Amino acid sequence: MSVPLLDLSLQYTQLKEESDALWLDVMSNAAYVGGPRVEQLEKEIAEYCGVKHCIAVGNGTDALFLILEALGIRRGDEVITTSWTFFASIESIAHVGAIPVLVDIEPGTYNIDPAKIEEKITERTKAIMPVHIYGQCCDMDAINDIAARHNLVVVEDACQAIGATYKGKRAGSLARAAAFSFFPTKNLGGAGDGGCITTDDTVLADRMRLVARHGEAQKYIHTAFGTNSRLDALQAGLLSLRLTKLDEWNNQRREAAAYYMQHLEQYFKGAGDLKMPIERDYGEMVYHLFILKSVHAKEIVSYLHSQDIGSALYYPKSLHEQEVLNKLPGFIRPTLPVAEDSASKTFALPCYPGITRAQQDEVLAALKRYF
Ligand SMILES: Cc1ncc(COP(=O)(O)O)c(C=O)c1O
């Protein structure tokens with residue numbers, strides 16, 4: 001039986017009638033970008049995350065860029081973030097002219113290690129950007145405390161973590177502003193690119209909305225050099241439909257992860273070197289990815305492929321090891337032992353809403369055969 005790393009068709013088939021009707025309606029009304037569906041989605045996401053404002057934008061990368069821009073982070077400023085994330089997190093920092101200062105991670109959660117943040121703060125530091133990696137919130141109280149002591153702003157990169165909680169609050173409501181991605185593979189994904197920003201700060205929200213719409217304060221009156229970052233009506237309608245299923249889908253991911261962990265612990269007691277993901281008890285992780293660690297990760301991934309099972313390294317390289325950073329003036333390449341030791345050793349197993357126990361058993365049996 002073939003088991004893909006991710007099966008997006010299930011999200012479509014579960015809402016097929018509504019999604020098809022939406023598509024026809026958008027096409028026949030020919031109102032493609034912005035409009036009431038986008039406004040409705042913004043309301044729903046703000047309510048879901050428990051914040052005052054949501055601004056729909058073109059993608060998660062833009063969301064991060066727009067937050068940093070609106071916060072006034074500029075050339076020569078430093079933003080502290082993790083080395084263990086998708087490239088977009090640090091790209092957004094570079095795009096406002098600031099310098100990413102990369103910090104090591106906690107083993108097992110792969111999130112930024114709050115104990116290693118303070119030593120990186122300088123007089124140029126303006127912000128801390130924790131990334132809720134793989135769908136688990138960072139330890140936000142620890143991070144917000146450091147920020148408060150040093151008068152820094154905190155921005156959540158919540159692109160992988162919609163629905164995840166921290167001490168009863170949802171990702172997206174844990175700092176000054178947060179970025180989400182609606183890329184199709186995300187826990188809440190559309191049929192194309194999309195993203196949004198959440199915040200309680202009304203002044204910041206107004207600035208981000210302005211900059212995302214060409215700085216256009218009134219029709220053809222521009223008060224800022226902005227950009228074009230909009231969501232279209234089809235994505236917004238589809239995301240509204242899928243938002244009604246998000247908690248159910250996230251629970252299915254959590255159940256699938258629990259099943260893997262229970263069985264892997266039994267199989268691998270004392271055998272192999274597989275390291276389970278660590279779920280912290282301060283919140284609920286939404287398993288954007290189910291990640292194991294092993295020195296044999298590369299071989300395991302290719303063995304699983306040979307058995308028709310989807311798997312991939314997340315990530316083959318940590319960001320402070322990327323050569324392109326040589327091109328960034330002011331960037332200082334740190335030594336980050338935990339991130340370095342994770343590169344090419346962490347890999348994902350299929351873990352998505354709708355995966356069956358039979359499919360998971362197939363994955364487990366293949367792993368067992370490999371070892
Ligand atoms: C942690 C993280 N940040 C930012 C992004 C960027 O989101 P998008 O692809 O929507 O631009 C992603 C998407 O892969 C991500 O995983």
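Position 1 is the first residue of the sequence; numbering continues from there. Whatever order the structure lists them in is the order used to number ligands and atoms, beginning at 1. Here the structure is a predicted model, which means the values were calculated and not measured.
For the ring-ring contact (aromatic ring centres under 6.0 Å, His included) condition, no pair includes a residue of residues 176-229, sequence neighbours left out. Within the structure, every pair that satisfies the side-chain hydrogen bond (donor to acceptor under 3.5 Å, both in side chains) test and touches residues 181-191, not counting sequence neighbours, is listed here: Asn187-Asn250, Asn187-His288.
Of the listed residues (His288, Gln160, Lys186, Met129), the one carrying the non-hydrogen atom nearest atom 13 (C) of ligand 1 is Lys186.
Here the side chain of Arg333 pairs a donor or acceptor atom with the backbone of Gln322 at under 3.5 angstrom. No donor-acceptor distance shorter than 3.5 angstrom exists from the side chain of Asp341 to the backbone of Pro337, with no hydrogens or angles considered. Between the side chain of Ser302 and the backbone N or O of Lys298, at least one donor-acceptor pair lies under 3.5 Å.
Taking every heavy atom of Val131 and a limit of under 4.0 angstrom, the matching atoms of ligand 1 come to 1 (C). Residue-ligand proximity, Asn59 to ligand 1, at heavy-atom distances under 4.0 Å covers atoms 10 (O), 11 (O). Close contacts between ligand 1 and Cys159 involve ligand atoms 2 (C), 3 (N), 4 (C), 5 (C), 12 (C), 15 (C) [criterion: under 4.0 Å to a heavy atom]. The distance from ligand 1 to the heavy atoms of Thr85 drops below 4.0 Å at these ligand atoms: 1 (C). Ligand 1 places these atoms under 4.0 Å from at least one heavy atom of Ala88: 4 (C), 5 (C), 6 (C).
For atom 12 (C) of ligand 1, the nearest protein heavy atom (residue, atom name, distance) is Phe86 CD2, 3.6 Å. In terms of protein heavy-atom proximity, atom 9 (O) of ligand 1 is nearest to Ser181 OG, 4.0 Å.
In this structure, Gln252 and Lys245 have side chains that are not in contact, with every pair of non-hydrogen atoms separated by 4.5 Å or more.
Annotation: Asp157 places an N or O atom under 3.5 Å from an N or O atom of ligand 1; distance criterion only. Between Gly60 and ligand 1, a contact under 3.5 Å exists for at least one N or O pair.
The only option from Thr82, Leu68, Thr85, Ile73 that meets the side-chain contact (heavy atoms from CB on, under 4.5 Å) definition with Met129 turns out to be Leu68.
By the criterion of a heavy-atom distance under 4.0 Å, both the backbone and the side chain of Thr61 are placed next to ligand 1.
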I'd like to know whether Glu156 forms a salt bridge (Lys or Arg N to Asp or Glu O under 4.0 Å) with Arg176, so could you lay out the CA-CA distance, the side-chain angles of the two residues, the decisive distance to 0.1 Å, and finally the verdict. CA-CA 8 Å; Glu156 291 170 77; Arg176 184 79 169 278; over 6 Å; no

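Residue-ligand proximity: Gly195 is placed with every non-hydrogen atom at 4.0 Å or more from ligand 1.
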